[in-house]
Amino acid sequence: MKSEDGEGTIRLSISGDVDNDVAPALTDIIANAADQPGAGPIVVDLDRVSALTAAGIRALLEGREAAERCDRPYRIVNVHDETAGHALRVVGLADIAEQVTALQQRR
């Protein structure tokens with residue numbers, strides 16, 4: 001689901017499993033959002049994601065690259081799963097992912 005906050009921020013709320021079947025579409029959705037004229041920051045909300053596979057993490061990385069090419073700020077929010085949080089830290093997305101720090105502090 002895509003929403004805008006009236007200030008140009010595009011929030012992409014993702015739900016379900018982000019796996020090999022879904023990852024290419026997620027990459028395209030993020031790239032399309034980044035390419036919108038007049039758009040501001042892109043926020044990918046993982047609140048309702050039940051599983052984030054390697055393909056899903058790759059989609060988030062490619063999404064960041066698309067946002068950077070279009071000079072858009074890019075954030076990932078609501079990372080609840082500890083395994084996903086660890087994976088995001090390993091691939092270098094922790095600096096833009098909210099709640100990863102909270103997951104680290106629980107260890």
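Quick caveat: nothing in here was measured; it's all calculated off a predicted structure.
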If you measure from [atom1] on [X] to [atom2] on [Y], what distance do you get to the nearest 0.5 Å?
X: Ile10; Y: Ile30; atom1: CD1; atom2: CD1; result: 11.0 Å
X: Asp21; Y: Leu26; atom1: CG; atom2: CG; result: 13.0 Å
X: His80; Y: Arg48; atom1: NE2; atom2: CZ; result: 10.5 Å
X: Thr27; Y: Arg58; atom1: OG1; atom2: CZ; result: 7.5 Å
X: Leu60; Y: Leu93; atom1: CG; atom2: CG; result: 6.5 Å

Taking all heavy atoms of [X] and all of [Y], pick out the closest pair and write down the distance.
X: Ile14; Y: Val49; value: O-CG2, 3.6 Å
X: Ala59; Y: Ala23; value: CB-O, 3.5 Å
X: Ala84; Y: Leu52; value: CB-CD2, 3.8 Å
X: Ala55; Y: Asn20; value: CB-OD1, 3.0 Å

Are any of the side-chain heavy atoms of Ile76 and Arg64 separated by less than 4.5 Å? no
Indicate yes or no: at least one non-hydrogen side-chain atom of Asp47 is less than 4.5 angstrom from one of Val77. no
Has the side chain of Arg72 got a donor or acceptor atom that lies under 3.5 Å from a matching backbone atom of Ala34? yes
Going through the distances and angles, do Thr53 and Asp17 end up as a side chain to side chain contact (heavy atoms under 4.5 Å, CB included)? CA-CA 8 Å; Thr53 68; Asp17 295 346; over 6 Å; no
Would Val22 and Leu61 show up in the same hydrophobic cluster when neighbours are defined by side-chain heavy atoms closer than 4.5 Å? no
